[in-house]
2 protein chains.
Amino acid sequence: MTTIRDVAARAGVSVATVSRVLNGSGYVGKDTEIRVKKAIQELNYRPNTVARSLANRKTGTIAVILPDIMNPFFSELARAVEDTARDGGFTVIFCNSDDLGTREQHYIEVLRQKYIDGIIFASNSMGEDDIVYMNENRIPIVVLDRAPGKSGCTVIRSQNAAGAVMAVRHLMETGCRKIAHIAGPGELITAQERLRGYRKAVKGFTWFDESLIVPGHFSIRGGERAVSGLLERHPDVDGIFAGNDLMAIGALKALQRMGRKIPRDISLCGFDGVEMSEWTEPELTTIAQPIYEMGRKAATHLIARIRGKAVKEDILELDVRLVERNSTRRRKN
Amino acid sequence: MTTIRDVAARAGVSVATVSRVLNGSGYVGKDTEIRVKKAIQELNYRPNTVARSLANRKTGTIAVILPDIMNPFFSELARAVEDTARDGGFTVIFCNSDDLGTREQHYIEVLRQKYIDGIIFASNSMGEDDIVYMNENRIPIVVLDRAPGKSGCTVIRSQNAAGAVMAVRHLMETGCRKIAHIAGPGELITAQERLRGYRKAVKGFTWFDESLIVPGHFSIRGGERAVSGLLERHPDVDGIFAGNDLMAIGALKALQRMGRKIPRDISLCGFDGVEMSEWTEPELTTIAQPIYEMGRKAATHLIARIRGKAVKEDILELDVRLVERNSTRRRKN
DNA sequence: CTGAAAGCGCTAACAG
DNA sequence: CTGTTAGCGCTTTCAG
């Protein structure tokens, strides 16, 4: 392994000078710079990142902690983060928390010891105290889907409640008379907000009943199961707003198996806009979050923070949009 | 930040001793060990991994280079790798190559500079020369889906050709008379092998024709597009073997949109066994690779190599199995 | 069984 | 503009 010393020797300068041309820091004579670069070339020298990290406490590595990389929402997010990080010269570590608090704690500790430059938290098991801990240790973080508040770190979120309202409105505008909601886990803020939006949108309608809200755990199976009980209690439901696309896909599947035509008999609207929502037949109408954009923004902000740039906005709330596809009826003009 | 020196001072010993108890290496008196451990406790000391890495050239980090984390096959693989790595005390970096040679080269270089302990290549753009390069640099690697050969590194693969034969046989046994194949990219060895299996299975049948083989690029869209041209040329096709599940899902979607009933009019069989293949309606019959198992094995072997354990088998060929679901007809008993 | 000291490879004052 | 040198925090001979 060739080191900075070898280069220095070959170029007939000191290691400091080599370091300077390597980092473009300080003054270096034009000609010496050329000599050094030549030596680097000839020796095919590559600086050792670890040594560098030890010396300046920067590793060029960020981490993203998410519940499960297999969840299409998070794999898309992860992809965005990695793309952005790569552009910025960073490398990314991914951690599957399964929303387990203990696991998350473990990761945080390991990452800290590794001098990780920053962390993106897309996991829900993270508490306010974790944020405090990160702050104390001076390690920049960006969190997703937290409530707006005095968190002391960048928060990226999207308009969950407003999106839910859009979903219900759209179902009504396309002819639905009785709309149910398959809800996500009560602990998750995104699920809470979407439920809140649903409630707001259906408030005052005589057909509304609490039992139109059924849990679906943000999973395919959950969505599948939710449907049967729902239709038993409310055979006349003609619209379903699922709290995320996975549950919508599960519901779609269950409904199709029951012989219901979508959207003729029942309309279905999801939430998230994962790529997979285009893969069903019919394709899923959904409230799309700009997932890739969220990942990109998360990474961009984190990197800015790492570079010490003061970041003005602390809470980014991104717009969602209705993507009309074929699991809901056409709007009557 | 508290360092090993602080601990040493507090315990009234030298840093060497602290290092010894930290690593369980060398002899340490029972009582001094206790004193040191107590000091570590009290100071809540955590060794700095970077310093450690610089000193012993081990980072406790592995990387997995894959085409795209958003592809469900690879996200499942990545999940398996991370789970296994975590159990072994490793952390994992993921890299999306998009099968771009240049990008892969870039990663390899970056990772080498970071003293990464080992790499899992699940990307197809990697050549024999990359393997040689890694060997020269003494960095252990495990590759997926390479041809068996003198690669000088662990190879994990599955029985692609045999699986393809199983698929075609199954279609025939369940009543199909004319079976088409949607093939993956010609450059990919997995695609080649599956095509080879298909050819072997249909050889000799009078209905077979080269034009029953259509390209689908291993993607949803590709599968979708493949179908229309295929049915135009061969309206009597009643069975399709898709080279992977994504293409099968695309085909399923296209067929459904064309009003064909699956499996009544046409039977469909995929390959891979990604979780997503259960999410369609009807669920997809497929030749399942043990994806998670492949990831787990890849990580296990890599870690063994990193730890210097001599690994006997160099090529692991895993079994595939037919998962009969509802996109093909029931076998007549 | 324990300590001193020499690195690991690079950065960053501080002189010159 | 360039060189010297002291770390970054830990591991590992080599003595004792």
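None of these values were measured; they are calculated from a predicted model. Lettering follows sequence order; numbering is per chain, from 1.
- Remark: Thr32(A) is in phosphate contact with dT2(D), judged by side-chain N or O atoms under 4.0 Å from OP1 or OP2.
- In this entry the distance linking CZ of Arg112(B) with P of dG9(C) reads 12 Å, nearest Å.
- Using modelled atom types and a 3.5 Å distance limit, the side chains of Arg20(B) and Tyr27(B) yield no donor-acceptor pair.
- Atom OH in Tyr115(B) sits about 8 Å away from atom P in dC10(C), given to the nearest Å.
- The distance between atom NZ of Lys58(B) and atom P of dG9(D), rounded to the nearest whole Å, is 23 Å.
- Between the side chains of Arg10(B) and Tyr45(B), not a single donor N or O lies within less than 3.5 Å of an accepting N or O.
- Atom CG in Leu54(B) sits about 9 Å away from atom C1' in dC10(D), given to the nearest Å.
- Side-chain N/O atoms of Gln105(A) and Asp130(A) include a donor and acceptor closer than 3.5 Å.
- Regarding contacts with the backbone of dG3(C), every side-chain N or O of Tyr27(B) stays at 4.0 angstrom or more from both OP1 and OP2.
- In terms of polar N and O atoms assigned as donor or acceptor, the side chain of Arg57(A) never comes within less than 3.5 Å of the base of dG9(D) in a complementary pairing.
- Mapping Val13(B) and Ser19(A) onto DNA chain C by nearest heavy atom places Val13(B) closer to the 5' end of the strand.
- Toward the 5' end of DNA chain C, the nearer of the two residues Lys30(B) and Asn56(B), judged by each one's closest nucleotide, is Lys30(B).
- A donor-acceptor pair shorter than 3.5 Å can be found between the side chains of Lys114(B) and Thr61(A).
- A donor-acceptor contact under 3.5 angstrom links the side-chain atoms of Arg20(B) to the base of dG3(C).
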